[in-house]
Amino acid sequence: MNTDVRASAFSSMPDEDGKFGVFGGRFVSETLVSALSDLEEFYKKFSSEEKFMEQLDEDLVNYVGRPTPLYEANRWSDQIGGARIFFKREDLNHTGAHKINNAVGQALLAKHMGKTRVIAETGAGQHGVATATIAARLGLECQIFMGEKDIKRQELNVYRMKLLGAEVVSVRSGSRTLKDAMNEAMRDWITRVNDTFYVIGTVAGPHPYPMLVRDFQSVIGREARIQILDKIGRLPDALVACVGGGSNAIGLFYPFLDDAGVSMFGVEAGGKGLETGQHAAPLNSGVPGILHGNRTYLMQTNDGQIMDTHSVSAGLDYPGVGPEHAWLKDIGRVEYVVSSDEEAMAAFQNVTRIEGIMPALETAHALAYTEKLATDLDSEQHIIVNFSGRGDKDIQTVAQLEGIEV
Amino acid sequence: MSRIAKRFSDLASKNRKALITYIVAGDPSLDMTNTLMHEMVTSGADLLELGVPFSDPMAEGPIIQAAHERALSNSVALTQIFEVVSSFRRKDKDTPVVLMGYANPIERMGYEKFARAASDAGVDAVLTVDLPIEEIAFSSRIFAEFGLESILLVAPTSSEERIHRIVSKAEGFIYSVALTGVTGDKNLDFNQVKSQVMSIRRLSNLPVVVGFGIKDADTAKVISSVSDGVVVGSAIVDCLAKQLLAPSIAIDNVRSLVSAIRDGMDGIAFDLQVD
Ligand SMILES: Cc1ncc(COP(=O)(O)O)c(C=O)c1O
């Protein structure tokens, strides 16, 4: 009984101040506080209304294409010769990644709150595309903030967003990447807080965003739980997901947090190796601090300046991480590990060839670690890996690394 | 009486409004910051705000963002900022100095270590942009132990109920943000500023100063007619940005801007006296 009470506490966060232990919170300038409290109120109200939730479900089924399959990767599992591996196929969602689950939810909130304009930050462009997509469908004005460097790296997604009717704003401050795009989106929101809804793309930002994004992404874990019980008659032994800001990971993990027998592994971008400093692994080598409205682990200098990050995958290239992950790390519920650029590239090639499914480079980080984990387990054990997105967007990056022109 | 309280009471007795000038420490160099602090006082500034550079200054517009980047490219950190303030204090014992910045550099140093060093250096108050009242208790308690006041912001989006809670925790003076936007924005609405200052005044006896969007003698004159003072930041920082290769011209330009604003504000104070 005691353990039950303790265990169920894992899924009871955040507290009313938006804190996950010492992490999270609402560290923003006074101008934004009322907008965030309003959002929290509206979210509480709508998420308890049957009509709102039905509309969301309807969108998830008919627009996004849910539920996504839980696919047993037989040839890959055989090749490894350890645990049986299942892919939760978020790559099959409309727009090709898990990001749309959250974008659809937040855009629906925006519409219900009477906002006429949505903005978003994006790194790889996946969240930008997801937001532009749902904005097109709902007839909302849409502006996407993107670092100048990322715009150059992700031309195809920039064009996709434009085709969808969004305006892409090039951000030239700071390191000109995702973190700066997020600063600029916040600044825009401060300025137009009355008519604008800020659709944050991951479980970061000030409260209530980490909670709200988690809730919208938890559909992944809820489905996976039912599907695995249906397939093998019990819960899996382990879950694996890549962690950028941590939205696909928390989406899979959250509905299993209170299941003590399920181990969980969040895979950060090891880049060129933790020892080189060129990576994006704040949970593995960062220090707690405050950025983008919440307290969490950050890659920062001794003076408290946020550092530039490196990863072959633009979607993991972020110096912070969602506060709930910071908490889950500290209490030991989830283990956070890394895959390097090189390991991710190898997994990308291998899984593409052996399963005929091309993963996003972000996803490839999760796959690389899954391979190690599966090796240590036996065929009676089962792993679910969150196949967070498809690899089409990364073909140019892969070709470039191979020295091929496409 | 704190240095800030004393400064405001002296100003009130002379029927003058406070001119608070903002620059980023280390922009474009620490030497310039040193020089500018004294120059601004000589030209008419009553309180000085020093921006503490941060890699992600979320509430700043482009002009001040660029200043943060310039300071960081000189590797300016808190320790050097304390040295600048110490050296200022050796010559000027009366002008209050407020550090304005973001929580992370302070959190990294440790709140207590920061407070001790800031206080030793002669800093009077700290304004941490991303610590709203819900998050301020911890730092303000420690700061108070070292005699540092915590300055709080009131925004156009702050409800009456929030203003109430803010002023109950405020120390030194209340910083009323003139517009929903970032520093350097221009869509300042006089009536909105006036009614916001009046809402604050109904609830607090602390001096109320207005910042964001005040860029010249005219805006300073108008806004100080309904408040206890103004903060001018982007306009001054812009003088520095425009003359990066000619520091002495930059200093001259800052001097004339600050004097012009001073004259504008004193004009209005004089008018009021005559009334
Ligand atoms: C396919 C895919 N997976 C993972 C991520 C990382 O984000 P998060 O950690 O929030 O899931 C991204 C971000 O762009 C992505 O596009």
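Computed from a predicted structure; not experimentally measured. So that the names make sense, note that chain A is the first sequence line, chain B the second, and so on, each numbered from 1.
- Of the N and O atoms on the side chains of Glu30(A) and Ser158(B), at least one donor lies less than 3.5 Å from an acceptor on the other residue.
- When all heavy atoms are compared, the tightest approach of Val182(B) to Ile190(A) is N-CG2, 4.4 Å.
- More than 12 heavy atoms of other residues, nucleotides or ligands sit less than 6.0 Å from atom CZ of Arg165(B).
- Between the CG atom of Asn104(B) and the NE2 atom of His292(A) there is a distance of 11.0 Å, given to the nearest 0.5 Å.
- With a 4.5 Å cut-off on non-hydrogen atoms, Asp188(A) does not touch chain B at all.
- Within 6.0 Å of the NE2 atom in His112(A), the count of heavy atoms belonging to other residues, nucleotides or ligands exceeds 12.
- Other residues, nucleotides and ligands contribute only 12 or fewer heavy atoms inside 6.0 Å of the CD atom of Glu16(A).
- Comparing Met307(A), Arg295(A), Met182(A), Glu184(A) by heavy-atom pairs within less than 4.5 Å of chain B, the highest count is held by Arg295(A).
- Gln305(A) is not listed as a side-chain neighbour of Ser75(B), based on a closest heavy-atom distance of 4.5 Å or more.
- Closest non-hydrogen pair, Met58(B) versus Asn183(A), comes out as CG-OD1, 3.7 Å.
- Within residues 193-210 of chain B, no residue approaches chain A closer than 4.5 Å by heavy atoms.
- Both the backbone and the side chain of Asp56(B) come within less than 4.5 Å of a heavy atom of chain A.
- Scanning all heavy atoms of the two residues, the minimum distance from Glu69(B) to Gly174(A) falls at OE2-N, 2.6 Å.
- Contacts between Thr301(A) and chain B at a heavy-atom distance below 4.5 Å involve the backbone alone (N, CA, C, O).
- Counting heavy atoms from C-beta outward, Thr180(B) and Asn194(A) have side chains that stay 4.5 Å or more apart.
- Chain B forms the most heavy-atom pairs under 4.5 Å with one residue out of Arg172(A), Lys179(A), Arg192(A), and that residue is Lys179(A).
- Contact annotation for residues 132-143 of chain B against chain A (heavy-atom separation below 4.5 Å, listed by residue number): Pro132(B), Glu134(B), Glu135(B).
- Minimum interatomic distance between Phe27(A) and Leu131(B) (heavy atoms only, all atoms of both residues): CD2-CD2, 3.4 Å.
- Residue Ile106(B) does not touch chain A at all, counting heavy-atom pairs closer than 4.5 Å.
- At a 4.5 Å heavy-atom cutoff, Pro62(B) makes no contact with chain A through either its backbone or its side chain.
- A pairwise comparison of heavy atoms in Asn302(A) and Arg108(B) identifies O-CG, 3.3 Å as the closest pair.
- Closest approach of Thr157(B) to Ser34(A), counting heavy atoms only: O-OG, 3.2 Å.
- Leu153(B) places none of its side-chain heavy atoms less than 4.5 Å from the side chain of Thr31(A).
- When side chains are defined from C-beta on, Leu179(B) does not count as touching Thr191(A), because their heavy atoms never get closer than 4.5 Å.
- To the nearest 0.5 angstrom, Asp130(B) atom CG is 10.5 Å from Met186(A) atom CE.
- The candidate from His68(B), Glu60(B), Met109(B), Arg162(B) with the greatest count of non-hydrogen atom pairs under 4.5 Å with chain A is Arg162(B).
- When each of Val287(A), Val193(A), Asp17(A) is checked for heavy-atom pairs under 4.5 Å with chain B, Val287(A) comes out on top.
- With a threshold of 4.5 angstrom between heavy atoms, Ile166(B) approaches chain A through side-chain atoms but not through N, CA, C or O.
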